[in-house]
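One structure below.
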Amino acid sequence: MNAKTILTIGMTSVMMLSFNACQQSSHENPLLADSSLPFSAPDFSKIQTSDYLPAFETAIQQTRDNIQAIVDCKDSATFENTIVPFEDSNRLLTRVSTVFFALTEADKSDELSEIEKKVQPMLTDLQNEISFNKPLFERIKQVYDKQHDTLTGEDQKLLEEIYKEFVRKGALLSDEKMARMKEINLRISDLQQQWGDLLQAATNDAIVWVDKKEDLAGLSDADIAQCKKDAESRGGKAPYAIVIMNTTQQAPLASLDNRELRKKIYEASIHRADGSNPKYNTFPIVSEIAKLRAEQAELMGYPSYAAYSLDNTMAKTSENVYAFLMNLVKAYVPKADAETKTIENFARKTQGAEFQLQPYDYFYYSAKMKKELLDISEDEVKPYFNVDSVLLNGVFYAANRVYGLTFKERKDIPTYHPDMRVFEVFDKDGQSMALFYGDYYRRASKRGGAWMDAFAEQSRHWNQKPIIYNVCNNAKAPEGKPSLITWDEVTTMFHEFGHALHGMLSNCEYKTLAGTNVARDFVEMPSQFNESFASIPEVFDHYARHYETNEPMPAELKERMLKSINFQPCYALGENLAASLLDMAWHMLPSKDIPTADKAMEFETEALRKVGLLNPFIPIPPRYMTSYFNHVWGGGYAAGYYSYLWTEVLAVNVADTFAKLGALKPETGQAMRDKILSRGNTGDLMQMFADFTGMQQPDASAILRARGL
């Protein structure tokens with residue numbers, strides 16, 4: 001799960017036909033006019049694919065004009081005539097970008113892909129123009145030098161963030177270094193576009209086709225029906241299809257009896273983009289991006305990209321991150337070794353004394369062991385996890401109990417896909433405060449994973465209320481049948497809604513500081529904390545109801561299920577540790593040491609061996625291998641994947657505080673809202689954490705306790 005970072009200028013992508021052509025037609029571009037819908041929500045009933053490029057062309061030009069007006073101002077630079085206009089300069093572009101990129105992530109078409117390829121360099125050019133505009137930066141620096149100490153509150157914080165971001169992007173570089181930085185920015189932008197297209201194609205092509213229903217033994221009837229549906233929607237090369245999702249492990253591996261099919265699925269997953277099929281090899285892109293990032297850092301005076309990137313986070317240094325991760329590895333390895341031996345010995349009871357547990361066996365025998373020891377299985381509990389009930393009676397119910405929010409479905413507001421639902425959100429005083437969109441079902445046009453983003457971020461300055469959406473990849477049942485999900489998918493819905501709450505409860509003056517626009521190693525805290533509500537008895541009993549009878553999950557089954565949550569917990573921690581350290585391994589290198597594409601696989605293997613996570617006795621691979629690690633090569637988590645574990649520590653500490661004060665008490669929720677969720681990036685993040693928890697430093701050991709280790 002990952003929260004998707006809200007896009008800003010140059011971190012977006014989009015395109016269309018020329019604006020002149022648009023003007024000559026009778027169709028008025030809805031992206032260029034204020035929407036008449038509530039909160040100025042995007043009107044998807046009017047937006048056409050041909051609207052995007054002219055909208056981008058116009059919005060980019062408007063941004064350029066706004067920047068030039070700041071530069072041309074004859075008055076001495078002040079906060080009011082320089083910083084505020086800069087904050088406002090890309091408002092139209094932000095509106096166009098947020099709509100377009102929502103579709104390229106969740107409902108992508110060939111036409112949108114082609115548009116994306118054209119717009120990406122346009123946006124990167126604009127970002128370079130702004131980042132390296134010397135007269136513009138000179139005015140911003142004048143304000144910083146003269147007014148920083150006299151400004152207060154959000155005005156001061158906005159000035160700091162804008163000034164420091166210019167410096168981080170190279171505004172103080174020499175002309176020669178600045179020119180090279182521009183070249184690197186353009187090339188990375190192009191490579192990330194190539195990465196996204198290639199990885200999606202590789203993942204779609206990695207489908208495992210199945211000829212016989214009996215080969216799917218172990219899967220539930222609903223899962224088999226989904227395999228049939230997936231086969232039909234993807235060309236029907238065989239009667240059934242196992243669709244590969246974005247992570248290394250695949251859900252069917254926990255249930256499939258056919259070991260050869262499990263192996264085939266696992267290998268399709270890990271080899272999807274490593275050149276095993278010559279059509280799909282992302283390593284040349286990986287190697288070049290890593291080398292360019294390292295060069296960026298060196299231009300800025302840092303020894304590695306990790307050092308450069310982490311300078312702007314809570315962790316501060318790569319040494320701090322590495323020490324944090326290795327302390328967890330030290331505690332994890334002996335427990336993982338013991339857990340693996342336990343599972344392997346269990347399997348040997350039926351498979352013989354020579355049986356060796358493989359990565360594609362781990363979930364299968366762990367699930368069987370759980371069934372035997374705890375008498376629990378996914379099929380037994382899934383009838384109580386209907387997507388609609390989880391959302392309405394779980395996710396929304398917890399938000400109501402804790403924060404006083406209520407939700408009213410709005411079927412009159414258009415969406416980009418029929419599966420999407422829209423809810424108006426009301427505060428405890430009855431005031432309308434946000435729109436929330438939910439897009440929960442997987443489809444071929446949607447990338448893997450789950451995320452939160454916004455069509456509009458909260459801003460008092462813009463008089464804009466938040467318009468937030470969540471996207472997941474749950475299997476959709478056939479028409480007339482309930483869509484039942486796993487416990488992991490339940491917690492994912494709570495997780496992504498934690499991000500949504502961070503966006504919806506924001507109460508900031510400026511968009512740049514609002515909602516989820518915080519350090520990468522803080523942004524996952526509200527979402528991971530929100531997962532804790534899924535298992536609080538009152539909340540659980542409210543949504544975990546049988547889809548046919550509406551009866552709550554029986555107390556005895558609930559007890560067994562909740563006990564099973566931390567059953568054999570080492571896998572989840574190990575795969576995250578391996579992915580985090582793999583990310584750091586690539587980004588702690590100087591540019592001269594970045595491996596070439598043909599050495600990338602060897603580098604990955606050696607990196608995991610060095611940290612003790614390539615252990616033949618512990619078959620736990622990284623959550624993402626290098627060749628499909630989208631967070632790092634296509635997203636905003638380079639040298640930052642550790643933040644999921646880092647923020648889990650913060651989240652557990654916050655959950656412990658809630659438990660002490662009363663997890664469902666409105667007073668506790670109000671304190672969380674006042675001290676953290678409403679404040680965005682308007683203050684020191686560690687101080688916000690301390691203000692709520694009363695802890696001056698996070699307790700890192702809490703993560704092991706929370707995971708049952």
Side-chain angles (χ1 to χ4, degrees), residues 4-16 52-53 55-71 82-83 85-101 104 115-141 158 161-173 175 177-196 288-289 292-293 295-297 299-300 305 308-309 312 453 457 510-512 517 520 633-638:
K4 178 174 169 285
T5 304
I6 302 297
L7 298 171
T8 57
I9 300 179
M11 297 176 70
T12 49
S13 33
V14 203
M15 118 177 184
M16 274 302 114
Y52 288 109
L53 183 55
F56 267 93
E57 290 173 340
T58 299
I60 287 171
Q61 186 56 51
Q62 184 185 99
T63 304
R64 283 195 175 104
D65 293 343
N66 291 340
I67 294 297
Q68 193 59 45
I70 298 171
V71 171
T82 300
I83 303 304
F86 182 78
E87 170 75 359
D88 297 341
S89 63
N90 68 333
R91 188 171 182 182
L92 177 60
L93 182 56
T94 298
R95 181 168 73 199
V96 177
S97 298
T98 53
V99 173
F100 178 78
F101 284 103
T104 61
I115 290 168
E116 191 176 19
K117 290 176 185 176
K118 294 177 183 178
V119 174
Q120 183 64 35
M122 294 163 55
L123 291 167
T124 306
D125 279 340
L126 176 66
Q127 182 61 71
N128 276 337
E129 288 175 27
I130 295 171
S131 297
F132 303 114
N133 186 322
K134 289 187 175 182
L136 173 65
F137 177 66
E138 184 56 36
R139 288 186 65 85
I140 291 170
K141 188 173 185 302
L158 180 67
E161 291 299 314
I162 289 174
Y163 174 76
K164 289 177 181 178
E165 186 64 14
F166 268 82
V167 172
R168 281 182 58 77
K169 288 180 178 176
L172 296 176
L173 293 175
D175 289 346
K177 288 183 177 180
M178 196 176 284
R180 178 56 184 155
M181 188 69 87
K182 290 179 185 178
E183 292 174 357
I184 292 173
N185 290 342
L186 280 168
R187 182 58 181 159
I188 289 178
S189 171
D190 179 49
L191 288 168
Q192 288 188 315
Q193 173 68 42
Q194 292 179 39
W195 163 273
E288 189 174 354
I289 289 177
L292 289 170
R293 283 176 177 165
E295 187 181 350
Q296 277 183 319
L299 287 171
M300 294 297 297
Y305 184 81
Y308 166 64
S309 178
N312 197 35
D453 211 329
E457 294 176 272
Y510 303 109
K511 178 193 77 71
T512 293
N517 292 317
R520 196 173 46 207
W633 308 114
Y637 279 75

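Once rounded to the nearest 0.5 Å, the distance linking CG of Leu126 with CG of Asn90 reads 8.5 Å. Taking CD1 of Ile130 as the reference point, atom CG of Asp125 lies at 11.0 Å (rounded to 0.5 Å). Atom CD1 of Ile60 is separated from atom CZ of Arg64 by 6.5 Å, given to the nearest 0.5 angstrom. Summarising the geometry, atom OH belonging to Tyr163 is positioned 5.0 Å from atom NZ belonging to Lys141; distances are rounded to the nearest 0.5 Å. The CD atom of Gln61 lies 15.0 Å from the CZ atom of Phe56; values are rounded to the nearest 0.5 Å. Here CD1 of Ile184 is found 11.5 Å from CG of Leu191. Values are rounded to the nearest 0.5 Å.
Side-chain atoms of Glu295 and Leu292, non-hydrogen and from C-beta on, do get closer than 4.5 Å to each other. With contacts defined as side-chain heavy-atom distances shorter than 4.5 Å, the pair Ile140/Leu136 qualifies. Side-chain contact between Glu288 and Arg187 is present, with heavy atoms from C-beta onward closer than 4.5 Å. Looking only at side-chain heavy atoms (C-beta outward), Thr104 and Ile115 stay at 4.5 Å or farther from each other.
Ionic pairing of Lys511 and Glu87 is not present here: no N-O contact between side-chain nitrogen and carboxylate oxygen is shorter than 4.0 angstrom.
Screening Lys169, Arg168, Met178 against Ser131 for a side chain to side chain contact (heavy atoms under 4.5 Å, CB included) leaves a single residue, Lys169.
Across every non-hydrogen atom of Arg293 and Ala638, the tightest pair is NH1-CB, 3.2 Å. Closest non-hydrogen pair, Ser89 versus Ile67, comes out as OG-CD1, 3.8 Å.
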- List the steps, then state whether side-chain contact (heavy atoms from CB on, under 4.5 Å) holds for Phe100 with Glu116. CA-CA 9 Å; Phe100 178 78; Glu116 191 176 19; 4.1 Å; yes
- Begin from the C-alpha positions of Leu92 and Arg95 and carry the test side-chain contact (heavy atoms from CB on, under 4.5 Å) through to its verdict. CA-CA 5 Å; Leu92 177 60; Arg95 181 168 73 199; 3.2 Å; yes
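Glu161 places no side-chain N or O within donor-acceptor distance of the main-chain N or O of Thr512, the cut-off being under 3.5 Å. Judged by distance alone, the side chain of Ser97 and the main-chain N or O of Leu93 form a donor-acceptor pair under 3.5 Å. Listed for the Arg520 side chain is a donor-acceptor partner under 3.5 Å among the backbone atoms of Gly636.
Here Gln194 pairs with Asp190 under the side-chain hydrogen bond (donor to acceptor under 3.5 Å, both in side chains) rule; sequence neighbours left out. Listed by chain and residue number, Val71, Asn133 satisfy the side chain to side chain contact (heavy atoms under 4.5 Å, CB included) test with Pro135 (two or more places apart in sequence, or in another chain). For Phe86, the ring-ring contact (aromatic ring centres under 6.0 Å, His included) test picks out Phe166, with sequence neighbours left out. Residues satisfying the side chain to side chain contact (heavy atoms under 4.5 Å, CB included) criterion with Asn185, sequence neighbours excluded, are Thr124, Asn128, Phe132, Met181, Gln296. Glu183 meets the side chain to side chain contact (heavy atoms under 4.5 Å, CB included) test with Arg180; sequence neighbours excluded.
Pairs passing the salt bridge (Lys or Arg N to Asp or Glu O under 4.0 Å) check and including a residue from residues 130-139, sequence neighbours excluded, read Lys134-Asp175.
The number of heavy-atom neighbours closer than 6.0 Å to NZ of Lys177, taken from other residues, nucleotides and ligands shown, is 12 or below.
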